[in-house]
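Written out below as C-alpha cells is the structure these notes cover.
Below, chains carry the letters A, B, ... as their sequence lines are ordered, and counting in each starts from 1.
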Amino acid sequence: MENLVLQALSGLASASSLFLVASGLTVIFGVTRIVNFAHGSFYMLGAYLAWTFVTTLPRGHLGFWGGVLAAALLTGMIGVLVEVLILRRIYRAPELFQLLATFGVVLVVQDLALLTWGAQDLLGPRAPGLRGGTEILGLRFPDYELFLIAVGPVVLGLLLLLFHRTRWGTLVRAATQDREMVGALGVNQRWLFTSVFFLGACLAGLGGALQLPRESVNLHMDLAIITEAFVVVVVGGLGSLAGAALAALLIGELHAFGILVLPKITLVLVFLVMALVLVVRPHGLLGRAPGPPVGGANTAEPVIRPAPPALRWLGFVALAAAVALPPFFGDYALSVLTEIAIFVLFAASLHLIMGPGGMASFGHAAYFGLGAYGAALAAKWLAAPMEVGLLLAPFAVGVFGLLFGWFCVRLSGVYAAMLTLAFAQIAWSIAFQWVEVTGGDNGILGVWPDAWASSKLVFYYLTLALCLAATLLLRRIVHAPFGYALRAQRDSALRSEAIGIDAFRTRWLAFALAAVMAGIAGGLFAYAKGSVFPTFMGIPRSVDALIMVLLGGVQTLSGPIIGALAYTGLQEQLVRLTDYWRLVLGLSIIALVLFFPQGLAGAARSAWEARRGDA
Amino acid sequence: MATLEVEGLAKSFGGVQAVRGVSFAVAPGEMLALIGPNGAGKSTCFNMLNGQLRPDAGRVWLRGQDITGLAPRRVWRLGVGRTFQITATFGSMTVLENVQMALLSHQRRLGGLWTPVRAMDCAPAEALLARLGMAEQAERPCGILAYGDLKRVELAIALANDPALLLMDEPTAGMAPQERVALMALTAGIARERGIAVLFTEHDMDVVFAHADRILVLDRGALIAQGAPAAVRADPRVREVYLGAGH
Amino acid sequence: MLEVTGLSAHYGRAHILDGVALSVGAGEVVVLLGRNGAGKSTTMKAIMGLVPPSGGSLRFLGQEIAGREPFEIARLGLGYVPEERRVFSELTVLENLEVGRKPAPAGARPWTPERLFALFPSLGAMQDRPGGRMSGGEQQMLTIARTLMGNPRLLLLDEPSEGLAPVVVERMADAIRALKAEGLSILLSEQNLHFARAVSDRATIIEKGRIRWDGTMAALMAAAEVREQYLSV
C-alpha cells in the first residue's frame, strides 16, 4: 500500500515535468499550427544550459535557481531565433513542410550540442534546500520530487490566468482560430507569434533545466521527450492546455504503475493508451474538431497529367544508366544503388497515401520494418528460401496494414499521423522487447540471399526489377479510377460521399496497398543487409521516408523518386565525409524548405511550366 | 406517387430542437422551395434527407422506399443528387473528370487499378456538360473555375446518375442576378424534361418567387406555411418572421 | 479619404484586378457593385493588404499604403469587415470586441462596448456568449462591432447582407445609416441593389476585375441600360 502511494507520487512528478514540455508544444501548435519537432531540442538545450550555468555560477540557492531560470530564458531566446530566422518565413507552407523544417532544426541542434558539450553524459548537482527527503507513510520520498509535483499545477494556473485574464492571452486565443483576421484588426501577429514561441520554448527549457537534479544530461533527450510530449498533446487534444495537463497525468501515472504491473510491455503501454484514446475520441480527450481552414489562398492541388515527353525521356535515360552501368561498379557502389532502389519504392509507397490519399503518416517505417522482419523470421524460424521470404513479407505486412489502417484512416491530419506513429512504436517495442523471437536489440543476423542471387550485382538487378515494377504499378494506380477515387476523397469528402464513394474503404485499401509496397521494400532490405534490427521501424526511419517524399514534392508523381535519390545519395556521402553530417543535413533540409517549398520535382515543374508559358 | 415523402422529421442538438415534426412531399418534375430565417433548420432538414444526419424521429421515403438514416452514398445510389451551399467539387481534377467520377461511381467502376481514367469513354460526361453549357470548360481544372461555373459543374455531377430527386442547398448563393435566373431556368427545364423532383433552399426571394412551384416556410424548426408562391407571400406570419416589409 | 488608382492583382497567372480605380470621400458611403467573382472581395482585400497588389496606388489619408502589412493599414484607421464574418467562435462577444480594440484618433469619440450595444441591441443581451453559438445575423453584427472597436476612419464592409433573412437585412441597413450619421466613411461591396440603394451615396460597378461605371446612386437608378448590362436587375 505504501509503495503504491509512493509510486503514485513519483508518477505525479513525472507528469509535472511532462506537462511543462507538452504545454509549450500545445501552445505553439495552437497559434502557429506548427507541429514543432524541435520542441524536444529546446528541452535538451534547457538541460545543457542549466548544467553550464549551475556548474559555473557560485554554489548555493542563487547559483542553482538563478541558473535554472537563466537556462529557461536563454532557451526561450533560442526559440525566438528559430522562429524569426526560419519558421516566420514558412507559416504559409503546408503543415508537413513546417514539420520538416523543425526536424532540420533537431539535426542542427544535436550536432551543435555535441560540439559544445561533447558526447559524454553530464551530471548536475542536486537542488540546494531540496536534497533531503520527507517521510510519507513511513517511507522516504525525495523533496525535489515533491517540489516538481507542485510546479505543474502552478504553471498550469499561471498559463490559464495569462490566456484568459490578459489582453495578450485574448489575442493569442483569437489568433489560434483565425490569425489573418487578427492581423486585419490591427494586431501585429508577427510579434504575437514570436512571443508565443518564446513562451513555448521557455517552458520546454524550464522542463529540461528542472531535470538536472534527477537525471544525467545527454544527447538523446530530445527525441526521447518529443515522442512523449507528442503523445501527451495528442491524447489531451491539440491546442488544449487542460487536455495536456490531464494527459500528462494519465501518461505519468501509466509509466509509474506500468513498471510495477507489466514491466515487459512498458514501452508499448503508452502507445496502446494513445491508440485507444484516439479510437474513442478522434480529437483527443479535450480537443475539438478543427473548423474548416479560413482565409487561405487558392490551395487546390494541381491536376495530375501524364508525364511530359521530356520527363519520360529523362526517366528512360536514368533507367538505361541504372541497368547498363552497374557491371562496372564495385561492391560498395552496388550496395548503395541497391539501397537507393529500395528507398525509391519505400518513398513511393508513402507518397500514395500522402499525395493522392491526403493522409500523413509518421510511422510508415512500421511496414518497411515488418516486411524486413517478416523475411528474416521466415528465414530464421521456417528456414524458408529467399523467394518464399520475399513473398511472405509483403503478404504479412498487408495483414498488418489492413489492421492498423482500419484505425488510422478514420482520423485526419495530425491525429491520424500520430496514430500511425503509435502503431509504429508498438511494432518497434515488440521487436525490441520480445527478445526470444526477434532477438531484441541484437536483431536477427544471417539473412542472406539464396546462392543464385548472392552476388551483389545479381541481387541489385533483382531489387531493381522488383522495385521498379512496384513503383510503376503505383503510378499506374494513381492514373486509374481507384487513384482518382483516392484523390476525390482528399479533395472533397462531402462531394465524394455524395456521389457514392466510400471514403473510408478507399483510404483503407490505399493504406494497406502502401503497406504492402513498403513491405516489399523492407523484405529486400533485409536480404540486402543480411540482418534486421528494431531500428528498421524506428522513428528516424519513418522520418527518412517523410523527408524523401517532401523533398521531392508531394504534388508530383515523380517527387518521391527524385526525393529518394537525392536524400539517400546525400546522406550516404555526408556520413562518409564528416562526423557532423547531421549539421550539414539539417541545414540542407532547412535551406530546401525555405527555397523550394514545393519540393525538388515541384520546383522543377514550376520552372519548366514558366519557361514553356513564356515561350 | 410522390418522389419524396417526409413525415414527422425531427432532430435536436444538445437539447435544442433544430427540426420538429416536419412533413411534406415533392412530386416528379416539381420545384419546391424551402425558405426561412437563418437557423430555422433548413440545412439540418436537408442533411437528414440525404443521410448526412440521422433524424431523431420521422421517416423519409424515396419513391415509396424507406431511406431514413441511410448513409449519403447509399441515398445517392437510390437516386438523389445533391449540390452544396458552398460548392464541393474535386479541385485537382478537370471539369470533365469531375463529371466522369460520378459516372464511374454510378457504373461501380471506381475500384479499377489498371486502365487509366484518361483512356476511358468520356462521351456521356461530355454530353452532360454540353447540356449545361460547360463544354468549352471541360479541360479546365476545377480548382481555378469561377464560382458560377462551379455551380454548374456541381449540377452536372448531381445529374450524372439520373436522379429522381435533386437537393439544392442555396443553388444561387453568391451569383449575380442574371446568372441566378439562367441557372434556375436551366434547372427547371431539365427537371421538367426528366421528371426530376427538385427541393431547394434559397435566400433570394426573387429566385424563389420566380421558379418555385410551391414554397415551404420553416421557422424555429417547424413548418409555418406551405403552398403556392402567391399564398405564401401574402401570409401575415411569413411576412412577420421572414419576409419583412420589402417583399 | 481613400484614393485607389490602377490597382491590379493576380492569382498565379490569372488577372483578377485590372486597373481598378475608386475613391471614397470623408463621410461618404460608396458601394462597389458587381456579380460574384467580379473582383469585389479581392478589391477589399487588396486595399487591406490581405491580397498583395501587383500594381497601382492605394492612398489613404494622403499616405501610400500599397505593400504595407494588414496590421499597419488597420492602425492607420481602415477597418475591415470580411464577407465570411470570421468571428472568433470560441471567444465571447466581449472578448471578440477586445481583440478589435485600438485607441481612437485624437479628438474622436471612442467606441466602447456600451455604445456598440446601443447600436446593436441584440449583442448586448449575449455579452458572454461564444461567437460560435450565435445566428448568422448576430455574427454579422458582431463582426461589424468588433471592427468598430478599432475606431476606424473608413470602414470596408464586404457583402454585409449576404445570406441574411430580409428582415435582418433591413436592420443592417438601419445600422449602416446610423454609422454614416456618426460621420464614418464606408466602402461597401454588394450584389443586392435594393440594399445598396438604401444606404449608399455613390456607386462603382466592377466586372471581370475592371471598373465599368462610376456615379451617384441617383444616376445609377436613372441609367437603366447600365443596370441591365452589369447588374441585370
Side-chain angles (χ1 to χ4, degrees), chain A residues 291-294 296-307 352 355-358 470 472-510 512-513 516-517 554-557 609, chain B residues 47 50-52 71-78 80-120 139-145 150 153-154 157-158 160-161 163 167 169:
Chain A
V294 252
N298 194 357
T299 53
E301 302 274 327
V303 172
I304 289 190
R305 299 191 192 275
L352 178 74
L472 288 178
L473 179 65
L474 281 171
R475 277 185 80 112
R476 181 104 194 170
I477 288 170
V478 173
H479 286 290
F482 180 75
Y484 270 69
L486 193 59
R487 276 161 59 209
Q489 60 80 31
R490 172 198 70 188
D491 284 0
S492 171
L494 204 57
R495 172 50 69 199
S496 52
E497 185 76 16
I499 59 163
I501 296 173
D502 188 336
F504 167 74
R505 208 173 59 185
T506 309
R507 286 155 66 108
W508 186 33
L509 291 178
L513 184 66
V516 168
M517 294 297 184
V554 189
Q555 298 185 330
T556 44
L557 289 181
E609 279 178 355
Chain B
N47 290 339
N50 88 320
Q52 260 167 259
R73 57 173 190 281
R74 296 265 160 81
V75 174
W76 177 79
R77 291 222 178 271
L78 293 170
V80 179
R82 160 139 208 202
T83 68
F84 295 95
Q85 185 178 349
I86 298 165
T87 52
T89 56
F90 308 129
S92 77
M93 298 180 201
T94 64
V95 169
L96 185 69
E97 287 169 344
N98 264 273
V99 180
Q100 252 185 312
M101 286 306 288
L103 286 166
L104 285 173
S105 176
H106 186 46
Q107 298 157 359
R108 296 189 174 271
R109 286 168 65 195
L110 278 180
L113 295 175
W114 192 250
T115 315
V117 171
R118 288 193 163 260
M120 291 177 166
E139 284 303 319
R140 298 187 68 197
C142 257
I144 62 164
L145 234 48
L150 273 180
V153 176
E154 270 215 312
I157 296 173
N161 66 330
L167 296 174
D169 203 351

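A donor-acceptor pair under 3.5 Å is formed between the side chain of R476(A) and the backbone N or O of W114(B). The main-chain N or O of I499(A) is found under 3.5 Å from a side-chain atom of S105(B) such that the two form a donor-acceptor pair. A distance-only check finds a donor-acceptor pair linking the side chain of R495(A) to the backbone of A88(B) [under 3.5 Å].
Between R73(B) and I501(A) there is no side-chain heavy-atom pair separated by less than 4.5 Å.
Note that CG of L110(B) is 10.0 Å distant from CZ of F482(A), once rounded to the nearest 0.5 Å. Summarising the geometry, atom CE belonging to M101(B) is positioned 8.5 Å from atom CZ belonging to R487(A); distances are rounded to the nearest 0.5 Å. Distance CG/L113(B) to CG/L473(A): 7.5 Å, rounded to 0.5 Å. Atom CG of residue L494(A) and atom CD of residue Q85(B) lie 11.0 Å apart, to the nearest 0.5 angstrom.
Heavy atoms closer than 4.5 Å to chain A are found in the side chain of R77(B), but not in its backbone. Neither the backbone nor the side chain of T506(A) comes within contact range of chain B, judged by heavy atoms closer than 4.5 Å. At a 4.5 Å heavy-atom cutoff, Q100(B) makes no contact with chain A through either its backbone or its side chain.
Side chains of R490(A) and S92(B): a donor on one and an acceptor on the other come within 3.5 Å.
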Exercise for review: Could you give me the CA-CA distance, side-chain angles and deciding distance for S492(A) and F84(B), then say whether side-chain contact (heavy atoms from CB on, under 4.5 Å) is met?
Suggested key: CA-CA 12 Å; S492(A) 171; F84(B) 295 95; over 6 Å; no
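Counting heavy-atom pairs closer than 4.5 Å to chain A, the top-ranked of the candidates V80(B), T89(B), T87(B) is T89(B).
Considering every non-hydrogen atom in both M93(B) and Y484(A), the closest pair reads CE-O, 3.2 Å.
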